[in-house]
Participant: 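Pasting in a structure now, in structure tokens, and then I'll have a few things to ask.
Just so you know, these numbers use all the heavy atoms, side chains as well, and skip hydrogens, waters and symmetry mates. Sequence lines set the chain letters: A, B, ... in the order given, protein chains first and strands last, and positions in each chain run from 1.
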Amino acid sequence: MNILAELKERFRRALAESAGDPTDLLELVRRAQDAKFGDYQANMAMPLGKRSGRPPRNVAVEMVRRLDLDDLCREPEIAGPGFINLRLKDEWLAGQLSAAVNDPRLGVAETAAPRTFVIDYSAPNVAKPMHVGHIRSTVIGDAICRVLRFLGHRVVSDNHIGDWGTQFGMILFGYKHFLDAAAYKSNPVEELARLYRKVRAMMDERPELNDAVLAETAKLHAGDAENRRLWEEFLPHCEDEIERVYRRLDVKFDHTLGESFYEDRLAALVERLRRQDIATESDGALCIFIEGQKTPMIVRKSDGAFLYGTTDLATLEYRMAQWRPDAILYVVDHRQSLHFKQLFAAAKMLGYDDVELQHVSFGAVLGGDGRPFKTRSGDTVGLEGLLDEAVRRALEIVSANDDAKPDGPELDPQQRRQIAETVGIAALKYADLAQNRTSDYVFSYDKMLAMTGNTATYMQYAYARARSIFARGNVDVEPLRNSGAAIRLDSPAERALGLELLRFSEALDLTAADYRPNQLTSYLFELANRYSTFFEQCHVLRAETDELRRSRLLLCDLTARTIRKGLELLGISVAEKM
RNA sequence: GCGCCCGUAGCUCAACGGAUAGAGCAGCGGACUUCUAAUCCGCAGGUUGCAGGUUCGAGUCCUGCCGGGCGUGCCA
């Protein structure tokens, strides 16, 4: 059940008699900002009054008279200039919760209008080790995939890795001049990473090396046998390296079609662009000039080489032909907004105007000096080191907490390590997911690895506490769910929790609408918060009556399942004990 | 120069044109003989960068200014 959708439907019927499309007005039905105004509110009386020249309060009164809400709401109240405040009936809430108890989807319906999405995210340069800057795209993109899929959309995730650019020129150059053969043999990934860093550092000191590195890249692109052979040898190692990180982050892709996959399509594409007069020559380069934009998108350099815009255009064509998507999302940091503007404009010129092309942008990660975080700067925080640090911190807290349990520790060292891995990685992911800002943020261990307050840990803890009640009380949850036991919402804490549980569907819709996982983190935080209050105030196992005990157990069960599902959709897992 | 993004509590951030701008962290004060205190309850903290404008209503939209970030024809 999506309460908001149901309320909108009721208002739609009430508005049916008035002329015009009520869609905009229905957007003014929303959750109450403050609980003292009720559960939901409708704010359309003011614009309607304006439109018709009548006092908004009169409009509101008439609206209420036309509304048919008796089954779900108490008598609506009109307040202020014409706000219509709605308070849901406890019996109706309880009935909806009972329905959710027996629904594997927890009351969330699949969309009536499924779409096909291609989602482009993560996309690291595989020739160099992943660093902290890669987290955001990977984690946000993965969460968007999971949410859209759960809502019933078709999702194709595609990791457009950088496997064909200058970075390979750098390791080719490094391999030819500075290879430690023994190290390469025993751990190729590490040795390639070392070579990358070494060449990177040397280029900073001696710019004249740029030409030599570019020459290696050019030879690769031109089909030089040795460079091609080496590239084919390096690539699997590079992919192993990123795959290890993805496994640890629990991130999977349907496809990994990197730049090199499109290499042999570029010449034909560019030729077609030229034939269709979409691209024209300027200063020796082949350019697409876009209306209203000063700088063109260059698709072929004056030396004949193609650029990443060319590859992206070829990639877009391939995706359109292969998957016929309704939307392609690019989860990439905001610094590339001009590039995407150009790419999307060029796609339109090629006739792709039936597809939603979205740059789902986010701010860059800055170093401690406030400068953009770059691999080349000496103090790079490698992604794996960051994961290790998160897990290390989590282990300290897990151990301290377990040691402090009233009946003594209940976790063995192996369990503690597993929980620390779950909690630590979750903290890291959550730091990115909880943020809406497109502005940059300064890298900070403390911020990324925080485990108190609005963090994944808080929700995982709420989950573990809810689950432990069933273990402690020896309650078998399946029969309880099937028992048809009633849910009671007599106390404020129970009612607040129950209402929040029924908002899951709304939160997912909000998340999908603007591709913003922070809508889901906010919801889960609020839910865990309501549960924590409930947990303090309402004793479950020692409830006054058996009926109340069963009702509260069902609330615990629903809370646990909703938190687990919500976190799962963010790519975060839970632990049964913490 | 031009373009895009951002200025909200000490810090990090929420807020779909709607009511008295909300959280977390940090600070202060309470709550573990009671289902896990990674928690809960309370207090304090704001001229939403500045100045105009549009609107019944502006943190949100428009204009100008100040401050910051990013991008800007042959890197990705």
Participant: Mark this stacking check for Phe525(A) against A23(B) as yes or no, applying ring centres under 5.5 Å and ring planes under 30°.
Facilitator: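 According to the criterion (under 5.5 Å, under 30°), no, Phe525(A) does not stack.
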
Participant: Please indicate whether Arg488(A) has more than 12 foreign heavy atoms, meaning atoms of other residues, nucleotides or ligands, lying under 6.0 Å from its CZ.
Facilitator: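 Incorrect, the count does not exceed 12.
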
Participant: Ignoring hydrogens and angles, does a donor from either the side chain of Gln41(A) or the base of A19(B) sit under 3.5 Å from an acceptor on the other?
Facilitator: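 Per atom types, the contact qualifies.
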
Participant: In whole angstrom, give me the gap between the C1' atoms of A38(B) and C43(B).
Facilitator: 23 Å

Participant: Can you check the distance between A14(B) and A51(B), where both ends of the measurement are the C1' atom (answer in whole Å)?
Facilitator: 27 Å

Participant: Identify the nucleotide, in any strand shown, that forms a Watson-Crick or G-U wobble pair with U72(B), with both distances under 3.5 Å; if there is none, say none.
Facilitator: G1(B)

Participant: Any donor-acceptor pair, under 3.5 Å, between the side chain of Asn85(A) and the base of A19(B), if you only look at N and O atoms?
Facilitator: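 Yes, a donor-acceptor pair under 3.5 Å.
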
Participant: Applying the 5.5 Å / 30° rule, does Phe83(A) stack onto the base of A19(B)?
Facilitator: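 Whether judged by distance or by angle, Phe83(A) passes, so it stacks on the base of A19(B).
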
Participant: Using purine N1 to pyrimidine N3 plus N6-O4 or O6-N4 for Watson-Crick, or N1-O2 and O6-N3 for G-U wobble, both under 3.5 Å, which nucleotide pairs with A51(B)?
Facilitator: U63(B)

Participant: For every nucleotide of nucleotides 5-13 of chain B, 5' to 3': is a protein heavy atom under 4.0 Å from its base (B), only from its sugar-phosphate (S), or from neither (-)?
Facilitator: SSSB---SS

Participant: With hydrogens left out and only the distance checked, is there a donor-acceptor pair under 3.5 Å joining Thr455(A)'s side chain and the base of G24(B)?
Facilitator: no

Participant: If you only use heavy atoms from C-beta on, which nucleotide in G73(B), A76(B), G71(B) is closest to the side chain of Arg335(A)?
Facilitator: G71(B)

Participant: Tell me: CG of Asn454(A) to P of A14(B), nearest whole Å?
Facilitator: 11 Å

Participant: Who does G24(B) pair with, Watson-Crick or G-U, both distances under 3.5 Å?
Facilitator: C11(B)

Participant: Pick the closest RNA chain B nucleotide for Lys36(A) and for His339(A) by heavy atoms, then say which residue is nearer the 5' end.
Facilitator: Lys36(A)

Participant: Here's a test of your reading of the structure: between Arg31(A) and Ile298(A), which maps to the more 5' nucleotide of RNA chain B?
Facilitator: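 Nearer the 5' end of the strand: Arg31(A).
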
Participant: Return a single string for nucleotides 34-43 of chain B, one symbol per nucleotide in 5' to 3' order, where B is base contact, S is sugar-phosphate-only contact and - is none, cutoff 4.0 angstrom on heavy atoms.
Facilitator: SBBSBBSS--

Participant: Hey, is the side chain of Arg516(A) poking within less than 4.0 Å of OP1 or OP2 on A15(B), counting only N and O atoms?
Facilitator: yes

Participant: Other residues, nucleotides and ligands only: do more than 12 of their heavy atoms fall within 6.0 Å of CD on Gln415(A)?
Facilitator: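 For Gln415(A), atom CD is crowded (more than 12 foreign heavy atoms under 6.0 Å).
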
Participant: Could you give the distance separating G64(B) and C2(B) at their P atoms, to the nearest angstrom?
Facilitator: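 C2(B) and G64(B) have their P atoms separated by 11 Å.
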
Participant: Considering Watson-Crick and G-U wobble pairs with both distances under 3.5 Å, what does G18(B) pair with?
Facilitator: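 The base-pairing partner of G18(B), which may sit in any strand shown, is C56(B).
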
